Amino acid sequence: MALCFYTAAPLSPLQYPRIAKNSCVFSTEFDSGRLDLTTRAFRTRPGVEAPDTVNGDCSRVYAISDLHTDYPENLCWVNSLSSQGNGKNVLIVAGDVAETCDNFRLTMSILKGKFERVFFVPGNHDLWLRREKIDFLDSLDKLDKLLDICDKLGVETKPSIVDGLGIIPLYSWYHESFDEERDITGYRIPSLEMACKDFHVCRWPDKLKSGETSLALYFDTLNDKNCNIIEDILKRCSQIISFSHFVPRQELCPEKRMLFYPNLPKIIGSKYLETRIRAMCGAEGHVSACHVFGHTHFCWDAVLDGVRYVQAPLAYPRERKRRMNEGEEWLPFCIYSSGTFAERLSSCYWSDYYSINPRTPDITQLAPWVARFYSKVR
């Protein structure tokens, strides 16, 4: 995602909650120094592999989000993906492929040449209009165009079954009421309209507006046309992967006091997504359910109420250089292989943090690395 006022320029170095050296235990105190993410130990992960011929023709399913191939470095990364031996590999793309239709078509055609099956749901950047050569009526008109491109390329946008695994795309858009945690007050924090480009570069029909529940509901109802397919998948498959661009639960984002833009939770998620997920998986979930999401560019891998939630973003080049998304060597993340889900994605800074520390949203004092960017209201 893009925020107008703080991601336009390179981000300043971050401070993070301190992690004890040689330990997986986090401290909730804040270190006065800065944590250099480039010095952290990362597990080496293999790239895209050939299908498993020992266990039969089992597919491998990979996940990625936020490709942002309007950046030449990101398009080069897509081009560099191996296409050898990928006959049974599947890729889930959880939105924000590119800002323009031309770049979207190019990116998806490259991916379709490298993976047997590619699944896609749109993100907010995919529906931006500011650099388009085509004079779209609005962002929904552009959405129709993107889906038409997918259809012609053989990119899948509807639920389907892959070797006994149900894969279910879920359309969504964020709404401000998704945020139910206490606001940060006493600081001069820019409005959503000032902070978020979507309010300026997306265009909607009358009665629909970014940030309002009407738009989130509109996108949610797009899933209704697939209800019969989903019901059939749930009857036939014991394992499912659903995916969306936007965030289904607020617990899948750091607390406001730790964010450069504390009001970020108001423009990232949809409650209607979680309702869809629970309708498929039940209130307590089950071990064979996983939901992939994107948008915030935070690597994430956590189990909440019996469902596994994963974010594997390519993100912006400057973020990868600073390891904010744990680099790029492990992407796309192989989430399913030989009939089983992959081991937990490691390391994911913030989901690792919350696996040890409780969420404390009632604490509204800004973290040191955030407070220095804001003046107090007098």
Side-chain angles (χ1 to χ4, degrees), residues 1-17 19 34-45 62-81 93-99 103 107 123-126 128 174 195-198 201 245-247 252-256 258-265 267-269 292-302 309-333 345-354 367 369-370 372-373:
M1 67 178 302
L3 298 178
C4 294
F5 77 97
Y6 81 91
T7 57
L11 296 175
S12 300
L14 294 175
Q15 288 174 305
Y16 282 85
I19 305 176
R34 294 195 292 265
L35 175 62
D36 182 0
L37 295 184
T38 62
T39 64
R40 291 176 55 200
F42 295 90
R43 189 177 73 185
T44 302
R45 301 175 180 85
Y62 293 83
I64 196 165
S65 70
D66 302 280
L67 289 168
H68 294 291
T69 56
D70 301 291
Y71 289 91
E73 302 96 319
N74 286 19
L75 185 59
C76 286
W77 181 89
V78 171
N79 264 314
S80 70
L81 288 174
V93 182
D96 274 9
V97 173
E99 184 177 334
N103 286 344
T107 304
N124 51 316
H125 282 248
D126 300 312
W128 285 9
Y174 57 81
C196 182
K197 290 183 180 179
D198 295 344
V201 295
H245 179 65
F246 295 101
V247 182
L252 301 172
C253 180
E255 297 155 70
K256 294 177 183 177
M258 299 181 181
L259 296 167
F260 275 109
Y261 183 53
N263 285 335
L264 182 67
I267 49 175
I268 64 169
V292 174
F293 64 100
H295 192 53
T296 59
H297 296 194
F298 294 117
C299 289
W300 213 278
D301 196 341
Y309 296 87
V310 173
Q311 182 173 191
L314 182 62
Y316 302 131
R318 65 177 177 270
E319 292 171 330
R320 294 199 303 283
K321 288 177 182 177
R322 298 186 57 255
R323 291 279 192 177
M324 286 181 64
N325 74 329
E326 315 295 3
E328 62 188 38
E329 297 84 2
W330 58 281
L331 292 167
F333 176 48
L345 198 166
S346 178
S347 57
C348 297
Y349 190 90
W350 284 112
S351 56
D352 288 351
Y353 174 78
Y354 286 113
W369 64 86
V370 177
R372 63 196 180 100
F373 288 101

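Scope of the values below: all heavy atoms of this structure, side chains included, with no hydrogens, waters or symmetry mates. These numbers were taken from a predicted model, which means no experiment stands behind them.
- Of the possible donor and acceptor atoms, none in the side chain of Asp301 sits under 3.5 Å from a partner among the backbone N and O of Val310.
- Looking only at atom types and distance, the side chain of Tyr174 has a donor-acceptor partner in the side chain of Asp198 under 3.5 Å away.
- The OG atom of Ser65 lies 10.5 Å from the NE2 atom of His295; values are rounded to the nearest 0.5 Å.
- Scanning all heavy atoms of the two residues, the minimum distance from Ala312 to Ala63 falls at CB-O, 3.8 Å.
- One distance of note links OH of Tyr353 with CE of Met258; it measures 3.5 Å at 0.5 Å rounding.
- Annotation: side chain of Val370 is not in contact with side chain of Leu259 (no heavy-atom distance under 4.5 Å).
- A pairwise comparison of heavy atoms in His297 and Ala315 identifies ND1-CB, 3.6 Å as the closest pair.
- A donor-acceptor contact closer than 3.5 angstrom is absent between the side chains of Asn74 and His68.
- Atom CG of Leu67 sits about 9.0 Å away from atom CG of Leu331, to the nearest 0.5 Å.
- Note that the CD atom of Glu328 and the CD atom of Glu319 stand 12.5 Å from one another [nearest 0.5 Å].
- Interatomic distance, SG of Cys196 versus CG of Asn263, reported as 11.5 Å (0.5 Å rounding).
- Looking only at side-chain heavy atoms (C-beta outward), Gln311 and Asp66 come within less than 4.5 Å of each other.
- Under the side-chain contact (heavy atoms from CB on, under 4.5 Å) criterion, Val201 pairs with Trp128, Arg130, Lys197, sequence neighbours left out.
- Side chain of His125 to main chain of Gly95: no donor-acceptor pair is present (N/O by atom type, distance under 3.5 Å, no hydrogens or angles).
- By the 30° and 60° cut-offs, the orientation of the rings of Phe298 relative to Trp300 is perpendicular.
- Side chains of Val292 and Phe333 form no contact here, defined as non-hydrogen atoms less than 4.5 Å apart.
- To the nearest 0.5 Å, atom OH of residue Tyr71 and atom CG of residue Leu314 are 11.5 Å apart.
- Considering every non-hydrogen atom in both Lys256 and Pro265, the closest pair reads CG-CG, 3.9 Å.
- For Thr69 (side chain) and Ala98 (main-chain N/O), no donor-acceptor pair under 3.5 Å exists by modelled atom type.
- At a threshold of 4.5 Å between non-hydrogen side-chain atoms, the residues Asp96 and Asp126 count as touching.
- Across all non-hydrogen atoms, the minimal contact from Leu264 to Ile268 is O-CG2, 3.2 Å.
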